[in-house]
Amino acid sequence: MALMLPISQHRALVASLVLSALMLGCKKSDSTGDGGATGGRQFLSMGTAPVGGAFPVVGGAIAEVLNEHKGTVDWKVQAKGTKGSQENIRRLQQAELELALSNAAISYFAARGEAGWDKVYDIRAIATLAPNVALFIARADSGIQSIADLKGKRVITGPAGAGFQQFVEPILAEHGVAWDEITSLNATQSGAVDQLGDGAADAAFLGGAVPTGSITQAASTFDVTYIPFDESARQKLIEKYAFFHPATIPGGTYKGLDNDFLGLNVGSMHLITAASQSDELIYEVTKSIWENRAEIAGKHPAGKAINEKNVARNTGIEYHPGAIKFYEEVGVLEAAEKPAAEEAPAADAPAEAPAAAE
């Protein structure tokens with residue numbers, strides 16, 4: 001039998017239920033966010049890479065500092081492990097991440113829908129971070145003296161799925177070597193040293209922060225040939241691709257490297273987001289990172305690259321309007337546009353730091 005209430009009590013019950021629903025909705029909106037800069041707390045996920053590389057550590061350092069210095073937006077930033085740059089870019093597009101670390105070369109091609117990307121990905125840069133200074137090395141007894149000599153050789157071109165091909169292939173091509181003219185092998189940097197040592201590979205493309213642990217390890221294990229870039233080809237790569245930048249490795253950095261090595265930053269680590277993210281939110285994120293860059297550098301040396309000449313460097317990816325607004329206010333864009341000399345990577349970066357193509 002249905003329970004019948006007097007009209008006055010029925011109206012009071014309805015009003016109470018409506019008020020409760022409104023209060024519940026308010027509480028929910030206070031505890032969730034859509035990545036914008038309005039409303040309650042904003043939960044921001046930052047994609048990094050698998051544990052063991054530099055991306056998770058750098059991402060964690062940035063997230064910690066952002067959470068300690070929130071600006072006008074009450075955000076909660078969480079660094080999340082992913083498979084790396086390629087997954088991060090796809091998840092930004094799908095609105096599964098708000099922020100992400102990526103290699104600038106991989107971002108460059110994703111933003112153009114080239115080099116294996118299935119479509120154009122609408123991503124924007126926030127800050128350029130540590131350089132990725134990489135080169136080919138071989139055993140001194142291999143007979144390999146130039147990049148052209150890599151034709152027909154077994155060459156380690158990075159971990160499987162890391163996307164190294166997107167910057168290794170242009171380097172080879174500029175030296176007259178097609179991708180299918182080498183046997184591309186996949187391995188981690190430490191695994192690459194082992195394969196070079198036991199003769200399973202003829203050469204390897206290694207790098208990251210300078211000094212790079214894997215190259216130091218190789219040079220201490222066997223005599224190494226540091227395969228030079230043809231200077232004409234190196235200059236053409238710098239002219240053709242915005243993500244390539246000159247980088248000199250000082251003589252003496254590695255055993256057997258007696259003279260300065262004219263190398264390449266083959267794609268800096270950088271912080272990116274989706275073009276659709278709120279201008280105000282990205283402005284505040286950029287501002288917090290810039291104003292607290294010393295704290296980030298204290299947690300990881302990659303933070304030292306957050307400086308006037310590097311943080312807004314052109315890598316071929318548009319910067320988010322929110323980031324541009326802040327950089328214009330502090331005069332960083334003007335400094336970043338000035339021609340840079342051969343950059344000297346931080347020598348006090350962790351020796352174990354892997355290449356930034358994660």
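We're numbering straight along the sequence, starting at 1.
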To the nearest 0.5 Å, how far apart are [atom1] in [X] and [atom2] in [Y]?
X: T48; Y: K83; atom1: OG1; atom2: NZ; answer: 14.0 Å
X: T212; Y: L206; atom1: OG1; atom2: CG; answer: 8.0 Å
X: D202; Y: R154; atom1: CG; atom2: CZ; answer: 4.0 Å
X: R91; Y: K80; atom1: CZ; atom2: NZ; answer: 6.5 Å
X: T221; Y: K255; atom1: OG1; atom2: NZ; answer: 9.0 Å
X: L333; Y: E328; atom1: CG; atom2: CD; answer: 5.5 Å

Query raised in the report: With a 4.5 Å heavy-atom cut-off, do I147 and D230 have their side chains touching?
Result: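 Answer no - side chains too far apart.
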Requested in this report: Side-chain contact test, heavy atoms from C-beta onward, threshold under 4.5 Å: evaluate it for K240 versus P170 and give yes or no.
Outcome: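 Contact flag for K240/P170 side chains = no.
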Report task. Would you check if the distance from the ring center of F244 to the ring center of Y108 is below 6.0 Å? Result ->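 No, ring centres 6.0 Å or more apart.
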When you measure from the side chain of [X] to the backbone of [Y], do you find a donor-acceptor pair of N or O atoms at a distance under 3.5 Å?
X: N132; Y: N265; value: no
X: T273; Y: E98; value: yes
X: H300; Y: A302; value: yes
X: H320; Y: I282; value: no
X: D258; Y: G251; value: no
X: D122; Y: Q93; value: no

Requested in this report: Could you tell me whether K119 sits above the aromatic face of Y121, with NZ or CZ closer than 6.0 angstrom to the six-membered ring centre and within 45 degrees of the axis?
Outcome: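 Geometry flag: set, cation within 6.0 Å and 45°.
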Report task. May I have the step-by-step check of side-chain contact (heavy atoms from CB on, under 4.5 Å) for L264 and F243, ending in yes or no? Result -> CA-CA 10 Å; L264 283 174; F243 55 83; over 6 Å; no
Can [X] and [Y] be counted as having a side-chain donor-acceptor contact under 3.5 angstrom?
X: Y241; Y: E174; value: no
X: S146; Y: D149; value: yes
X: S268; Y: T128; value: no

Requested in this report: Among L150, I171, I156, find the one that has a side-chain contact (heavy atoms from CB on, under 4.5 Å) with F205.
Outcome: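 Filter result, single survivor: I171.
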Decide whether [X] and [Y] are clustered together by the hydrophobic rule: side chain heavy atoms of Ile, Leu, Val, Met, Phe, Trp, Tyr closer than 4.5 Å, transitively.
X: I227; Y: W179; value: yes
X: V224; Y: L196; value: yes
X: I306; Y: M46; value: yes
X: V57; Y: F55; value: no
X: I215; Y: F222; value: yes

Query raised in the report: Would you call R234-E231 a salt bridge at under 4.0 Å N-O?
Result: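 Salt bridge flag = yes for E231 with R234.
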